[in-house]
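A quick write-up on the structure given underneath.
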Amino acid sequence: MNAKEQLEIIKQGVVELHGEEELLKKLEKGTPLRVKYGADPSAPDIHLGHTVALNKLREFQELGHQIVFIIGDFTAMIGDPSGRSETRKPLTTTQVQENAKTYQDQVFKILDPEKTDVAYNSGWLSKLMFEDVIVKLASRSTVAQMLERDDFSKRYKEGVPISVLEFLYPLMQAYDSVEVQADVEVGGTDQTFNLLLGRDFQREENQEPQAVLTLPLLEGLDGVQKMSKSLNNYIGVTEEPKDIFGKAMSVSDELMLRYYALLTDVSVEAVKKEHPMEAKKKLAALLVDRFHGQGSGEEARNQFEQVFSRRENPDDMEVFETSDAEWVAGNLVASSGCAASKSEANRLVQQGAFRINSQQIKDPKQIVNLQNDDVVKVGKRQFRKIKIKK
RNA sequence: GGGCAGAUUCCAGAGCGGCCAAAUGGACCAGACUGUAAAUCUGGUGGCUUUGCCUUCGAAGGUUCGAAUCCUUCUCUGCCCA
């Protein structure tokens, strides 16, 4: 495929491409490009938000290029301030290592391991002398530049603390680009500053500056904030089919269109013509298929319709084993793990969330007599099948 | 280093010395309505051996019959001055 055609593919779905001409020239050389992507192993779960960028990387790989996947094990000790309104808690080395490992396993659900170099940035960052930090990093950016960034200026205005440490984060990320001699770096739009700084750093080291490719940020399930683990508004790629399906179904119609646009090749125009619920089910199934294999989406859909449309019990219920047949309602809810505490259990019962074999019981103190295969339901999605131990 | 302000339950934020497990909003949970959508409405959101008891308002002490509220010291944060 010629360089121009490649560029067209690369540009699809991209918000901004800095250094387009340079990129074209590099593509014309015909040698595989080194495409950098950095991941912060502070939260080990990869979710749909990440997959926007990962899919782009996958495209690069299909075009024959090499991915340099950087695990920011060193930078994770600081925490990326991008888009955040508060200082992140630093992680311990052990935590970071564990996270990094699970992270990698998940990434290869999407990326081709053959065409991926994995690098830990502690490999070079931890070896820097203080002098290097001053000369190579700190001297190359100004406070004004930093404060120009939304996240910092906002915090500064609001009197929310900003650690000097956090100013170092973009610098380290930029330095990574120098180390791995990246031709391209891919990231979310919130990364723009960090990515562009990489270009400056490379120029100073007499390298060709990397092309910078920013991708849209995927909104989380709430439809407002960006998808992230800490906000708990995400769909993780390793989640159970029924959870992926259920979460996808719970998004608003508007957000569904956004997900279609950012996560699939399906034309949004076509989707708009469909019944929203049907479209949403298709999206949900598509996502399940993607992470659990062909056919699993269909299965998840059937389960979903069984449980929620027809209000039947799911096929696979957690079993609650007990030797007592007689229970106080509230205790049963708590003991079976359907509520975090006894008080919560009692509350749920009072609010009418508790059903046993479809029969609602509202008094937490009521005695219920259990039999084998009775089904306890708490709320919309918690089911327990009863087994009486003799 | 000096001065000032502040630290409250998941978050933001209110809290006269008793009526404070602590207003209000957000978030979340449950119920109703639905397309488990959104919107809307209702209720709820520390724990427990639950009409009462226990733990909580940065930390530790103290005053008081009684403290989130007053005093002392400490820790942390912001602002101003150097």
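Below, each value reflects all heavy atoms present in this structure, side chains not excepted, and no hydrogens, waters or symmetry copies. In the text below, chain A, chain B and the rest are named by the order of the sequence lines, each starting its count at 1.
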- Query: When A:K281 is tested against each of A:E305, A:E274, A:H275 for side chain to side chain donor-acceptor pair (under 3.5 Å), which residue passes?
  - Reply: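 It is A:E305, the one option of A:E305, A:E274, A:H275 that forms the side chain to side chain donor-acceptor pair (under 3.5 Å) with A:K281.
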- Message: Heavy-atom nearest nucleotide on RNA chain B for A:S343 versus A:F245: which residue maps closer to 5'?
- Response: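 First, find each residue's nearest nucleotide; the 5'-ward one identifies A:F245.
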- Residue mapping more 5' on RNA chain B - nearest nucleotide basis, A:K247 or A:A340: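 That would be A:K247.
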Using whole Å, what does the distance between atom [atom2] of nucleotide [N] and atom [atom1] of [X] come to?
{"X": "A:D363", "N": "B:U50", "atom1": "CG", "atom2": "P", "answer": "13 Å"}
{"X": "A:Q225", "N": "B:G26", "atom1": "CD", "atom2": "P", "answer": "15 Å"}
{"X": "A:R347", "N": "B:U50", "atom1": "CZ", "atom2": "P", "answer": "15 Å"}
{"X": "A:N233", "N": "B:G26", "atom1": "CG", "atom2": "C1'", "answer": "15 Å"}
{"X": "A:I162", "N": "B:C76", "atom1": "CD1", "atom2": "C1'", "answer": "17 Å"}
{"X": "A:Y234", "N": "B:A27", "atom1": "OH", "atom2": "P", "answer": "20 Å"}
{"X": "A:E344", "N": "B:G43", "atom1": "CD", "atom2": "C1'", "answer": "15 Å"}
{"X": "A:R155", "N": "B:U77", "atom1": "CZ", "atom2": "P", "answer": "13 Å"}

- Side-chain N or O of A:K342 closer than 4.0 Å to phosphate OP1/OP2 of B:U49: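 Yes, A:K342 has a side-chain N/O under 4.0 Å of OP1/OP2 on B:U49.
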- Check the pair A:E179 / A:N121 against side chain to side chain donor-acceptor pair (under 3.5 Å), numbers first and verdict last. CA-CA 9 Å; A:E179 262 315 305; A:N121 68 1; over 6 Å; no
Could you work out the separation of [N] and [M] based on their [atom1] atoms and round it to a whole Å?
{"N": "B:U51", "M": "B:C11", "atom1": "P", "value": "31 Å"}
{"N": "B:G26", "M": "B:U45", "atom1": "C1'", "value": "13 Å"}
{"N": "B:A12", "M": "B:G58", "atom1": "P", "value": "13 Å"}
{"N": "B:U73", "M": "B:G18", "atom1": "C1'", "value": "27 Å"}
{"N": "B:G25", "M": "B:U8", "atom1": "C1'", "value": "16 Å"}
{"N": "B:C54", "M": "B:C19", "atom1": "P", "value": "15 Å"}
{"N": "B:C20", "M": "B:A14", "atom1": "C1'", "value": "12 Å"}
{"N": "B:C57", "M": "B:C10", "atom1": "C1'", "value": "15 Å"}

- Query: Looking at A:T75, A:L197, A:L195, which hits side chain to side chain contact (heavy atoms under 4.5 Å, CB included) with A:Q173?
  - Reply: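 Running side chain to side chain contact (heavy atoms under 4.5 Å, CB included) over A:T75, A:L197, A:L195 with A:Q173 returns exactly one hit, A:L195.
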- Test A:F69 against every option in A:Y37, A:F60, A:Y120 by the ring-ring contact (aromatic ring centres under 6.0 Å, His included) rule and name the one that passes.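 The option that passes is A:Y37.
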Using a heavy-atom cut-off of under 4.0 Å over every strand shown, decide if [X] touches base, sugar-phosphate, or nothing.
{"X": "A:G246", "result": "base"}
{"X": "A:N346", "result": "base"}
{"X": "A:S341", "result": "sugar-phosphate"}

Donor + acceptor pair across side chains of [X], [Y] (<3.5 Å):
{"X": "A:E185", "Y": "A:S177", "answer": "yes"}
{"X": "A:Q6", "Y": "A:H65", "answer": "yes"}
{"X": "A:S336", "Y": "A:E318", "answer": "no"}

- Task: Applying salt bridge (Lys or Arg N to Asp or Glu O under 4.0 Å), name anything that partners A:E62, two or more places apart in sequence or on another chain.
- Result: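 For A:E62 the salt bridge (Lys or Arg N to Asp or Glu O under 4.0 Å) partners, ignoring immediate neighbours, are A:R58.
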- Do A:K247's NZ or CZ and the ring of A:Y234 fall within the cation-pi criteria of under 6.0 Å and 45°?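 Ring-cation test returns yes.
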Would you tabulate the nitrogen or oxygen pairs shorter than 3.5 Å linking the protein to nucleotides 31-35 of chain B?
residue: B:G31; atom: O4'; partner: A:Q351; partner atom: O; Å: 3.4
residue: B:U34; atom: O4; partner: A:R311; partner atom: NH2; Å: 3.3
residue: B:G35; atom: N1; partner: A:D253; partner atom: OD1; Å: 3.4
residue: B:G35; atom: N1; partner: A:D253; partner atom: OD2; Å: 2.9
residue: B:G35; atom: N2; partner: A:D253; partner atom: OD1; Å: 2.6
residue: B:G35; atom: N2; partner: A:K280; partner atom: NZ; Å: 3.0

- Message: If I take atom CZ from residue A:R384 and atom CG from residue A:D374, how far apart are they, to the nearest 0.5 angstrom?
- Response: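 One gets 15.0 Å once the value is rounded to the nearest 0.5 Å.
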- Item | Reported CZ-to-CZ distance for the pair A:F383 and A:R355, which is rounded to 0.5 angstrom |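 With rounding to 0.5 Å, CZ (A:F383) is 10.5 Å from CZ (A:R355).
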- Item | Watson-Crick or G-U pairs under 3.5 Å in RNA chain B, rendered as dot-bracket with [ ] for crossing pairs and | for another strand | (((((((..(((.....[.....)))((((((.......))))))(((...)))...(((((..]....)))))))))))).
